[in-house]
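Lettering follows sequence order; numbering is per chain, from 1.
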Number of protein chains: 2
Amino acid sequence: MTATTYSLDESAHPLAGAGHVGAIDLGGTKILASIFAPDGSIVSRSKKMTRAQHGPDVVVERMAEAMREAAAEAGIDAKEIAAVGVGAPGPVDTKAGVVRQAPNLGWENYPLRDELARHLNCGVALGNDVNVAVLAEYAAGAGRGARHVVGIWPGTGVGGGMILDGRMYDGAWDLAGEVGHITIKAGGPRCGCGGRGHLEALCSRTAIVKAIAKAEKRGAKTDLSKVTGKPILETTSGDLARALARGDKVVEKVLNRTAKYLALGVASVANLLNPELVVLGGGVVEALGDPFVEQVTKLVRKQPLKSVTSDLRIVPSQLGDDAGITGAALLARQLSA
Amino acid sequence: MTATTYSLDESAHPLAGAGHVGAIDLGGTKILASIFAPDGSIVSRSKKMTRAQHGPDVVVERMAEAMREAAAEAGIDAKEIAAVGVGAPGPVDTKAGVVRQAPNLGWENYPLRDELARHLNCGVALGNDVNVAVLAEYAAGAGRGARHVVGIWPGTGVGGGMILDGRMYDGAWDLAGEVGHITIKAGGPRCGCGGRGHLEALCSRTAIVKAIAKAEKRGAKTDLSKVTGKPILETTSGDLARALARGDKVVEKVLNRTAKYLALGVASVANLLNPELVVLGGGVVEALGDPFVEQVTKLVRKQPLKSVTSDLRIVPSQLGDDAGITGAALLARQLSA
């Protein structure tokens, strides 16, 4: 198998094209559907709960329904949608249109592309959610003008995606970009995947709140749970940002360590791939904002090889919540082109 | 700056072409020069000591002299050489033809390509030594038929190179492939570059012999130094292989740990890049041979994500000492094509 590559026509607006296209960002909690106009602008949005517990067929129906609602809101008939792009969580076989594994959804080898196409009667293109978000940043966000871009997305897990030499890089079996599963601290904390000391086991929200809970258990004083009214393990990225702003020393200490490990991850990727730009996105980065990105950047600058790290640009995601649908719309444009 | 890419015509013998080309593998200790015939075969070899202590101009003269000797041995006039390819240690600016930094040679920003071209009166192409070795394995060795190949070369340091989607990947500033400087064990042993817990600080020969010396200092019993007649820190990869064969328990323990860390490095790279093939080369792997590669492979198979590691092929370099000149000859062929 060879890698799927998406190359972009840099002379035109990356999201412009003939007709309207649809874009869906499929998450474990919610479905976000949008219509993009021929000029590339977002003309409507529709949101639905995913309700993954009811099984994939229900989820696909809800996706189709969200798409139809977005079309109605955009003042077009669903039949006028030229193509639909979808960003889905977990590893995806882009050529077969299959979601291989989506623990958040409880899916395994689900033929999402063809099922959704049957509901919507139009072409559907499928990609991994973080991969398409990085594609979006490359084409229409923080990565414009760069040819070698790595995206690192710490949220519930740590996702990633890569544009190498101006093309999205998928690897031999469409599985590239699992930056969350590079080992940063051999023998370190257990990762959700079973490994140890992976970037995800050190820098995901899950890892952060586990570290805070552990510190509290050992006697460190934090009012995090009291303020949020939730167990520490249910702390959101937004809660973390507010606790930091309140001056919670335990949260601050854990987030400082998170920044340190994330910087080691960025430096590792930089030494291996020598990108000119690293985009940091995902829930944790969205919530903590620029100061966190600046903290990570300073730590990366201290890491060798200096020839690689000193001029590396490190920026926050520009598209934020729209990165997913924007990347999905790019897939749709490429399909309908 | 964009990446230089070398694409290969897979229908022809990768080293065949019009006329004879020259290839030089420049090392810190020795210069290896060769002539490749139009049919792609190696027709002569010449070896010289590098004598880096006399400065770059002397080294370039010695390279030119070795090339002329190889030509004479091949029965051709040096003027008949269509082009010369060079693999040089350290980061290289392939477009400018400059060796940026070669600690083994004491060079910084040396314009090797143009200096050598002046001596030889023909076109010269320059690449990093490990990059060209991996290119050689891809085109004419263990990597034939694969499109996504990562090479990891543990020797004095740990070098690397990547063929992604059928093209050599150099990164934004020609610095990609520094797999030796990905962090595997945060806070771990100091690396030559100043970092901590880098793959090179765990798996290079330098790291291995340091670990053995440290174990001996702490009272572990090894007759390594007695048998080789050298201080432990001067142990070669061959000495290590012989000590292992003799049943030296200290050496065995350190090499087991080396295999473990190397497996974490391979798994990290696999999760990030999803290659179909990893080629292991370099002095340590050459000396320890297939059993070591098998040991590493078994350890990689245990690492998540299984979707990435379970079908990953891990093989030893096939070209061995010829990988450097073969890759250099490929550069020369591309230049003269």
Side-chain angles (χ1 to χ4, degrees), chain A residues 1-3 5 91 100-101 146-148 150 160 162 164-167 169-188 191-199 202 260-261 264-265 267-277 303-308 311-312, chain B residues 1-3 5 91 100-101 146-148 150 160 162 164-167 169-188 191-199 202 260-261 264-265 267-277 303-308 311-312:
Chain A
M1 226 187 290
T2 68
T5 51
R100 290 174 165 181
Q101 257 191 334
R147 282 185 67 80
H148 306 265
V150 176
M162 290 168 288
L164 303 183
D165 215 0
R167 305 190 308 169
Y169 183 74
D170 292 330
W173 311 310
D174 251 6
L175 296 167
E178 290 290 352
V179 65
H181 301 288
I182 61 173
T183 300
I184 295 293
K185 191 177 185 176
C191 189
C193 72
R196 279 194 176 279
H198 288 185
L199 189 63
L202 298 164
K260 191 189 84 178
Y261 288 126
L264 292 179
S268 290
V269 170
N271 276 304
L272 189 62
L273 294 175
N274 181 29
E276 61 213 281
L277 182 73
Q303 286 298 317
L305 303 179
K306 290 291 168 62
S307 50
V308 163
D311 292 329
L312 175 65
Chain B
M1 226 186 292
T2 68
T5 51
R100 290 173 164 180
Q101 259 191 331
R147 282 185 67 78
H148 306 266
V150 176
M162 293 169 286
L164 303 182
D165 214 1
R167 306 189 307 167
Y169 184 72
D170 292 331
W173 311 311
D174 251 6
L175 296 167
E178 289 292 353
V179 65
H181 301 288
I182 62 173
T183 300
I184 295 294
K185 192 177 185 177
C191 188
C193 73
R196 278 192 177 282
H198 287 184
L199 189 63
L202 298 164
K260 190 189 87 178
Y261 288 126
L264 292 178
S268 290
V269 169
N271 276 304
L272 189 64
L273 294 175
N274 181 30
E276 62 213 281
L277 181 73
Q303 287 297 317
L305 304 180
K306 290 291 166 63
S307 50
V308 164
D311 293 327
L312 175 65

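Between chain B and the options A:Gly188, A:Pro91, A:Gly197, A:Cys193, the largest number of non-hydrogen pairs under 4.5 Å is found for A:Cys193. Contacts with chain A were tallied for B:Leu273, B:Val179, B:Leu277; B:Leu273 has the most, counting heavy-atom pairs under 4.5 Å. For the set A:Lys306, A:Arg196, A:Lys260, A:His181, the entry with the most heavy-atom pairs within less than 4.5 Å of chain B is A:His181.
B:Ser268 places a side-chain N or O within donor-acceptor distance of the main-chain N or O of A:Thr183, the cut-off being under 3.5 Å.
Across all their heavy atoms, B:Pro304 and A:Gly194 have their closest contact at CG-C, 4.1 Å.
Residues A:Leu164 and B:Leu164 are in side-chain contact: their nearest non-hydrogen atoms beyond the backbone lie under 4.5 Å apart. Taking the side chain as every heavy atom from C-beta outward, A:Leu272 and B:Val150 never approach each other to under 4.5 Å.
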Steps toward side-chain contact (heavy atoms from CB on, under 4.5 Å) verdict (B:Trp173, A:His148):
CA-CA 10 Å; B:Trp173 311 311; A:His148 306 265; over 6 Å; no
Apply side-chain contact (heavy atoms from CB on, under 4.5 Å) to residues A:Arg167 and B:Asp165 and explain how you reach the verdict.
CA-CA 10 Å; A:Arg167 305 190 308 169; B:Asp165 214 1; 3.2 Å; yes
Pair A:Leu305-B:Leu175, side-chain contact (heavy atoms from CB on, under 4.5 Å): steps then yes or no:
CA-CA 10 Å; A:Leu305 303 179; B:Leu175 296 167; over 6 Å; no
Determine, stepwise, if the pair B:Glu178 / A:Asn274 fulfils side-chain contact (heavy atoms from CB on, under 4.5 Å).
CA-CA 9 Å; B:Glu178 289 292 353; A:Asn274 181 29; over 6 Å; no
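Rounding to the nearest 0.5 angstrom, the gap separating the CG atom in B:Leu264 from the NZ atom in A:Lys185 is 14.5 Å.
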